[in-house]
Structures are given as structure tokens and as C-alpha cells.
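Whatever order the structure lists them in is the order used to number ligands and atoms, beginning at 1. Side chains included, hydrogens not; waters and symmetry mates left out as well; all remaining heavy atoms used.
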Amino acid sequence: MSSPEYFRVEYSINPWMIEGVEVNLELAKDQWSGLKATIEKCGAEVKVIPGNTVYPDLVFTANSGIINDKHVLISNFKFHERQGEEVIYENWFKKNGYEVGRIPSEHKFEGRGDAFVYGEFLVGSYGIRSDKEALLFIADEFELTPKIAKLVDEKFYHLDTCFQKLPTKTNDAIFYPDAFEDNSLTEFSDLFNLIPVSKNDANKLACNSVVINDSVIFPSNEIEVIDKVAELGCNIEIANVSEFLKSGGACQCLVITLQ
Ligand code: ARG
């Protein structure tokens with residue numbers, strides 16, 4: 001995670017961000033600490049990279065890159081507002097013992113926001129922030145089979161805003177159907193038992209939940225799909241991160257899983 005002391009909404013690069021909207025920083029810090037404590041309670045250790053006054057979105061560490069064992073490929077941010085984060089993350093990963101690589105700079109890619117490693121597969125999405133070519137490059141580099149879908153709704157601009165795999169033995173995943181191009185989910189349906197969430201849930205960023213062991217940490221207790229996820233045997237936790245939704249991010253955006 002990255003500490004939130006410089007978090008604010010000062011530009012708009014997704015439909016959630018209203019330029020100049022006021023963020024209650026004290027509340028944001030409390031919510032961030034609440035998420036961190038919940039993650040620790042679920043059994044994970046949290047490492048914290050300091051915030052940076054120039055980069056308010058550095059708090060969304062999911063976008064730092066994609067990790068496979070001790071190998072990381074750093075993001076190539078689409079918008080110049082975030083491009084300066086790349087070197088900050090690159091240095092952190094180098095210092096912390098990772099082998100760090102880059103994707104050719106002409107291919108945009110935004111890390112765990114748009115892709116993750118799942119067994120021998122690279123599950124990813126493209127179309128809004130990341131390019132298909134970047135996903136194919138990563139699959140090749142990590143020797144994984146690409147399973148890729150196309151995003152079509154600007155409001156759900158990263159895969160982690162509209163899809164999350166659950167910690168069940170039946171490979172369940174929650175997703176928001178309207179975020180994906182028609183038919184582009186066939187690659188995912190080979191791998192996952194897909195459970196649709198409502199528009200209401202999608203707008204609360206229900207899919208931007210964090211999975212740790214058998215726990216799923218949701219950003220609000222008003223999410224309808226929670227009952228179903230509980231029935232599947234997952235332990236449910238809530239970490240309200242409403243201040244961060246003003247920037248288009250919830251629980252999953254605020255973390256990246258290290259190996
Ligand atoms: N304001 C940030 C942006 O638009 C939010 C990033 C959320 N991250 C995520 N993994 N979905 O870039």
C-alpha cells in the first residue's frame with residue numbers, strides 16, 4: 001500500500017473524478033488505515049511505500065505493475081498525470097529484491113488494474129487504459145497463456161473495477177457484464193464460473209474487493225452480491241473507502257499483492 005497523506009482529486013482522468021472535488025483527508029486517512037488493519041486481520045503483512053506530494057494517485061498501488069514471483073513489469077501509464085509514478089515504483093521494487101523489467105513504452109499498461117497472473121494464465125483487459133499489445137508482451141515474457149477481454153465503459157476503466165475472482169474451489173468470479181464488449185467474455189468463461197453483479201453494485205465498486213486467504217474485503221456493506229459470496233463460503237469483511245471512490249478507486253485499487 002502507499003500512504004494517503006497527499007491523496008486528493010486535482011485532475012480528471014476517469015468519469016468518477018470531478019476536478020477540484022473536496023476530499024476529506026482525515027476521513028480518507030482513517031479509511032485507508034481501516035483497510036490496512038482489515039488486510040492484516042485477514043492474515044497478510046502490509047508493506048507501505050511513502051506517498052508523494054506531486055502524485056496524489058500514487059496511493060493506488062494496484063497500478064504499479066504486474067508481479068510474477070520475484071519478477072515485475074512496471075506500468076506504462078496512459079495519462080501524463082501519473083507517468084512520474086513509474087520511476088518511484090521501479091525504485092521501490094528494485095530496492096525490495098525484485099527483478100524489474102519494462103514493457104515497450106508505446107504499449108500502455110496499468111498493472112494489476114488491468115491484469116493478473118492466474119496459474120498458467122495471464123488474465124487481462126484492454127481498451128481503455130491498457131493496450132492489447134502490452135498484455136501479449138507480458139504473456140510472452142512470463143510464458144503465460146493470455147486470456148483477454150475488452151472493456152467498453154469509461155466508468156469501468158480497469159479490469160479490477162468490474163471483475164474479481166473469489167477464493168472458492170469452484171473458481172467463481174464476480175463481474176459487471178455491461179463493462180465488457182459483447183462476446184469478449186468467452187475467454188474468461190473458460191476459466192471462471194462468472195457471477196454477474198447489478199448496476200447498483202457495480203457503481204459501488206463491488207468488484208474492487210480485496211481477496212486474502214478465504215476472505216473478501218468489500219468497500220461497502222450495501223452491496224447486494226455479498227450474500228451470495230458469503231453463501232459460497234467466503235469470509236466477508238467491509239472496509240469503507242468512500243473518499244477514494246471520488247477518484248474512481250476502492251479496496252483493490254489501493255493494494256497490490258506481493259510475492
Ligand atoms: N484516479 C486513479 C486513476 O484514474 C484511480 C486508479 C484506480 N486504480 C485501479 N486499479 N482501478 O488512475
For ligand 1, note which part of [X] has a heavy atom under 4.0 Å away: side chain, backbone, both or neither.
X    : result
A62  : side chain
Q252 : neither
Y157 : side chain
R82  : side chain

Could you list which atoms of ligand 1 come closer than 4.0 Å to a heavy atom of [X]?
X    : result
G113 : 10 (N)
R129 : 3 (C), 4 (O), 12 (O)
I13  : 3 (C), 4 (O), 12 (O)
N14  : 1 (N), 3 (C), 4 (O)
H158 : 8 (N), 9 (C), 10 (N), 11 (N)

Just verifying a value: how many Å separate F156 CZ and C207 SG, rounded to the nearest 0.5 Å? 8.0 Å
Taking the ring centre of each residue, are [X] and [Y] less than 6.0 Å apart?
X    : Y    : result
H71  : F142 : yes
F188 : F175 : no
F109 : F77  : no

Can you find an N or O of [X] that's nearer than 3.5 Å to an N or O of ligand 1?
X    : answer
D57  : yes
N208 : no
E110 : no

What closest approach, in Å, do K108 and R129 show between heavy atoms, and which atom pair accounts for it? CB-O, 3.5 Å
So, S220 and N240: side-chain donor and acceptor under 3.5 Å apart, yes or no? no
Report the nearest protein non-hydrogen atom to [atom]: residue, atom name, distance rounded to 0.1 Å.
atom                    : value
atom 9 (C) of ligand 1  : C253 SG, 2.9 Å
atom 10 (N) of ligand 1 : D160 OD2, 2.7 Å
atom 8 (N) of ligand 1  : N63 OD1, 2.9 Å

N193 side chain to T170 backbone, donor-acceptor under 3.5 Å: no
Look only at the side chain of R102 and the backbone of S75, and say whether a donor-acceptor pair between them is shorter than 3.5 Å.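 Pair found, side chain donor or acceptor close to backbone of S75.
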Flag this pair as yes if the NZ/CZ of K155 is under 6.0 angstrom from the six-membered ring centre of W16 and inside a 45 degree cone about the axis; otherwise no.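 Yes, a cation-pi geometry.
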Does the distance from a Lys or Arg side-chain N to an Asp or Glu carboxylate O, for E110 and K78, drop under 4.0 Å? no
